[in-house]
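Taking it in order: structure first as structure tokens, then the write-up.
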Amino acid sequence: MADARSSDAIGHNVRAVLDNIRQAALRTGCNPESVRLIAATKAVSPDLVRLAIEAGARTLGENRLQEALPKIEAVGDCQGIAWHFIGRLQRRKVKSVVGRFQLIHSVDSLELAEEINRRAAEAGLVQAVLMEVNIGEEATKGGLAPAAVAGTVATMKTFPNLSVQGLMAVPPLFTDPEAARPYFRRLRELASSLPYEDMKELSMGMSQDYAVAVEEGATMVRVGTAIFGARRG
Ligand SMILES: *Cc1c(COP(=O)(O)O)cnc(C)c1O
């Protein structure tokens, strides 16, 4: 990875990540166009986000509403550019998130889903979401326990202003990306055990392990550090 503090580096990094995604998809015989890069832009300035867009990033993932709103304003909510919400979402922030983000990756409870449905109904829209699964069953992590996913999704599917499009997970972090493979596989198997045709999205894989995630069927990878370098946040 090139030094992301120079503007050339960001373009270079985006192209390298897109190429790695494509190579990983081809290894599995999948259509490389079916995997979407979500550039994780937390703690990244609007200028650097623009460089990533110039180099081919089309979907941007933000973690915090306070940071995201001015950034969306500055970068522009242009045709062809989508913003996703990937961070933990508090109930009192739902009102401001609904309708502003194309997809919310991090719905981790039925209560949160209910609130999104309620606010989406008020706004007269249908909000697309993913259910976040605590696939490693780690005490410190958010997300629904795998055993609770089927029941919770079944209820969420009855909410008229919610479109549940798939699952998201952040597996335990390992130095060896191969160690994450069983968790990605488990998420894919969990998704395919659900009786819905319209839950095709699997948001899994970060800088460390996105190639492995794509090999295991990710349709979206959320990559920050490999594009923008290490940063706080
Ligand atoms: C920051 C973040 C990412 C990107 O992580 P990197 O290791 O920097 O690629 C992905 N997903 C979520 C939920 C994040 O908060």
Side-chain angles (χ1 to χ4, degrees), residues 1-5 9-21 24 35-45 48-49 51-53 55-69 71-72 82-90 93 97 101-109 112 128-136 138 140-144 165-181 183-184 187 201-216 218-233:
M1 182 175 67
D3 182 353
R5 275 163 299 193
I10 289 183
H12 172 273
N13 291 344
V14 168
R15 286 186 291 272
V17 169
L18 287 171
D19 194 51
N20 291 338
I21 291 172
V35 184
R36 183 136 59 127
L37 168 64
I38 318 296
T41 50
K42 58 174 174 271
V44 175
S45 71
L48 300 189
V49 174
L51 290 174
I53 293 171
R58 292 292 170 263
T59 309
L60 311 165
E62 278 284 334
N63 289 66
R64 286 188 212 88
L65 186 68
Q66 310 88 287
E67 186 188 329
L69 294 183
K71 205 179 294 182
I72 295 173
W83 293 84
H84 288 189
F85 195 87
I86 64 174
R88 175 144 318 164
L89 180 54
Q90 294 162 282
K93 303 273 174 69
V97 166
F101 294 83
Q102 186 193 59
L103 181 67
I104 302 171
H105 289 231
S106 43
V107 177
D108 59 0
S109 71
L112 185 60
V129 302
L130 305 179
M131 174 103 250
E132 181 173 353
V133 183
N134 187 351
I135 199 69
E138 297 168 275
T140 53
K141 274 211 183 122
L144 217 69
Q165 305 194 334
L167 303 180
M168 178 270 218
V170 183
L173 192 63
F174 301 100
T175 30
D176 176 11
E178 276 300 325
R181 189 182 294 277
Y183 295 91
F184 294 139
L187 191 72
E201 304 292 354
L202 277 180
S203 169
M204 57 187 196
M206 317 201 322
S207 291
Q208 169 81 354
D209 49 23
Y210 64 92
V212 174
V214 170
E215 287 173 1
E216 292 301 329
T219 64
M220 297 179 183
V221 293
R222 308 175 311 271
V223 179
T225 308
I227 293 172
F228 300 107
R231 66 233 191 255
R232 286 175 297 138

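All values below were derived from every heavy atom in this structure, side-chain atoms included, with hydrogens, water molecules and symmetry-related copies excluded. Order of listing sets the numbers, starting from 1, for every ligand and every atom in it.
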Does ligand 1 have a heavy atom under 4.0 Å from the side chain of [X], from its backbone, from both, or from neither?
{"X": "Q208", "value": "neither"}
{"X": "T225", "value": "both"}
{"X": "A40", "value": "side chain"}

Could you list which atoms of ligand 1 come closer than 4.0 Å to a heavy atom of [X]?
{"X": "N63", "result": "14 (C), 15 (O)"}
{"X": "R222", "result": "4 (C), 9 (O), 10 (C), 11 (N), 12 (C), 13 (C)"}
{"X": "V223", "result": "9 (O)"}

So F101 and F85, would you call those rings parallel, tilted or perpendicular, with 30° and 60° as cut-offs? perpendicular
Between S203, G205, S207, S106, which one has a non-hydrogen atom sitting closest to atom 6 (P) of ligand 1?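 Ranked by closest heavy atom to atom 6 (P) of ligand 1, first place is S207.
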Side chain to side chain contact (heavy atoms under 4.5 Å, CB included) partners of L18, counting only residues at least two apart: V14, L37
Between I53 and R58, is any pair of side-chain heavy atoms under 4.5 Å apart? yes
So is there a nitrogen or oxygen of I86 less than 3.5 Å from a nitrogen or oxygen in ligand 1?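 Between I86 and ligand 1 (N or O atoms, distance only) the closest approach is not under 3.5 Å.
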Does L112 offer a backbone N or O that forms a donor-acceptor pair with the side chain of S109 under 3.5 Å? yes
Salt-bridge present (E215, R181; N to O < 4.0 Å):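 Judged by the 4.0 Å cut-off on N to carboxylate O distance, E215 and R181 do form a salt bridge.
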Side-chain donor-acceptor contact under 3.5 Å, H105 with E132: no
